[in-house]
Amino acid sequence: MVKLLWLIITRDVRLSVRHGSATTMVMGFFVIVVTLFPFAIGPEQNILERISVGVIWVAALLSCLLSLDRMFQTDYEDGSLDQFLLSPVPLEAVVVAKCIAHWLSTAVPLILLTPVLGVMMNLPEEGFLPLLGVMLLGTPALSFIGGIGAALTVTLRRGGVLLSLLILPLYIPVLIFGVLAVKASIDGYPAMGHVMLLGGFTLFSAAIAPWAAAAAIRSGLE
């Protein structure tokens, strides 16, 4: 079973890299959204410094959302999803593999771009490492929670808007704790409480998402 799950992860990541369109679109959207803020509010360094963490987190949330509708859609269209249902491997494990592949192909490139955008947004030096750390900790939750929405809308035409409406409210805890942890580090306050809450939410999402998404897929394919 582990070998099959590894094959699913590597296949999805390889397809994302080979085609490039989804990952490139997500990275381009991330850069454009963050870049628009200095043009909109002006070059005042103190304002950019104050909003930099929130802007980068919001842009990352919206960027991850762009690629969620393709998490199960291609497998649904080519019949692979039906084969997963018939295989001896639990569908919940397949969902975990798909979410990990989505995180590797979507969130990791965004994290790699974050230092460059942090410089553009005048992020204080004390905030770079905390921001990268909480993004590594919090972005897996975006893929796991997003997997539930992708599973609920996999059989619907033009389900992208519905997917956004379903998932964005569930992303709020990641946004709140992610921003507060970095702000506390920059201001010299203890950030461990926010980091632990963010880590707890990520573990919670990883625990419930496979079961919820698998149930949604089974219901949709019936």
Side-chain angles (χ1 to χ4, degrees), residues 1-17 19 22-23 26 60-61 63-111 135-157 159-160 162-175 177-178 196-222:
M1 184 176 77
V2 175
K3 183 178 180 181
L4 177 59
L5 298 182
W6 177 249
L7 288 175
I8 293 173
I9 294 172
T10 54
R11 184 203 65 164
D12 281 13
V13 173
R14 190 167 55 248
L15 286 175
S16 178
V17 173
H19 294 164
T23 301
V26 169
L61 296 184
S63 301
C64 283
L65 201 62
L66 281 182
S67 59
L68 283 178
D69 61 338
R70 303 301 297 170
M71 185 182 292
F72 301 110
Q73 193 66 40
T74 52
D75 291 323
Y76 172 67
E77 292 171 352
D78 65 15
S80 299
L81 213 51
D82 294 306
Q83 297 302 317
F84 288 144
L85 276 176
L86 298 175
S87 73
V89 177
L91 187 58
E92 289 80 3
V94 175
V95 171
V96 171
K98 302 287 289 183
C99 291
I100 292 174
H102 177 267
W103 181 76
L104 290 172
S105 59
T106 301
V108 171
L110 300 185
I111 295 171
M135 288 190 76
L136 279 171
L137 183 63
T139 48
L142 306 182
S143 295
F144 281 113
I145 295 296
I148 300 175
L152 286 170
T153 58
V154 67
T155 57
L156 302 178
R157 288 187 177 181
L162 178 60
L163 174 62
S164 302
L165 294 175
L166 289 173
I167 294 304
L168 274 178
L170 301 177
Y171 278 176
I172 291 176
V174 178
L175 177 64
F177 298 129
M196 292 180 69
L197 287 171
L198 181 62
F201 186 78
T202 298
L203 291 176
F204 176 72
S205 65
I208 66 166
W211 305 99
I217 292 172
R218 290 192 183 97
S219 176
L221 295 181
E222 285 180 357

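As a basis for the values below, the full set of heavy atoms in this structure was taken, side chains included, without hydrogen atoms, waters or symmetry mates. Nothing fancy with the numbering, it's 1 onward along the sequence.
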Q: What distance separates F72 CZ from T155 OG1, expressed to the nearest 0.5 Å?
A: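 Reported to 0.5 Å precision, the distance equals 12.5 Å.
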Q: Could you tell me whether a side-chain N or O of K98 sits under 3.5 Å from a main-chain N or O of M71, the two making a donor and an acceptor?
A: yes
Q: Restricting to side chain to side chain donor-acceptor pair (under 3.5 Å), what partner residues turn up for S67, sequence neighbours left out?
A: H102, T106
Q: Please check if the side chain of S219 supplies one atom and the backbone of A216 the other of a donor-acceptor pair under 3.5 Å.
A: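 No; zero donor-acceptor contacts below 3.5 Å.
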Q: Check residues 205-212 and write down every donor-acceptor pair under 3.5 Å in which the side-chain atom is one partner and the other belongs to a residue at least two apart or another chain.
A:
| unit_1 | atom_1 | unit_2 | atom_2 | d |
| --- | --- | --- | --- | --- |
| S205 | OG | F201 | O | 3.3 |
| S205 | OG | T202 | O | 2.7 |
| W211 | NE1 | A207 | O | 3.4 |

Q: Roughly how far, to the nearest 0.5 Å, is the CG atom of L68 from the CD1 atom of I145?
A: 11.0 Å
Q: Is any side-chain heavy atom of C64 less than 4.5 Å from a side-chain heavy atom of L110?
A: yes
Q: Looking at side-chain heavy atoms only, is the closest gap between L5 and V96 below 4.5 Å?
A: no
Q: Within a strict 4.5 Å, meaning less than it, do heavy atoms of the T139 and L142 side chains meet?
A: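 T139 reaches L142 side chain to side chain.
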Q: May I ask you to test the F84-I8 pair for a side-chain heavy-atom distance under 4.5 Å?
A: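 Side chain of F84 against side chain of I8, heavy atoms only: contact under 4.5 Å found.
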Q: Report the distance from atom OG of S105 to atom CZ of R70, rounding to the nearest 0.5 Å.
A: 12.5 Å
Q: Which heavy atom in A213 sits nearest to a heavy atom in V95, and how many Å separate them?
A: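 Scanning both residues completely, I find the closest heavy atoms to be CB-CG1, 3.7 Å.
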Q: Could you grab the distance from atom CG of L91 to atom CG of L221, nearest 0.5 Å is fine?
A: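 That separation rounds to 8.5 Å.
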Q: Enter the distance from R218:CZ to E92:CD here, rounded to the nearest 0.5 Å.
A: 4.5 Å
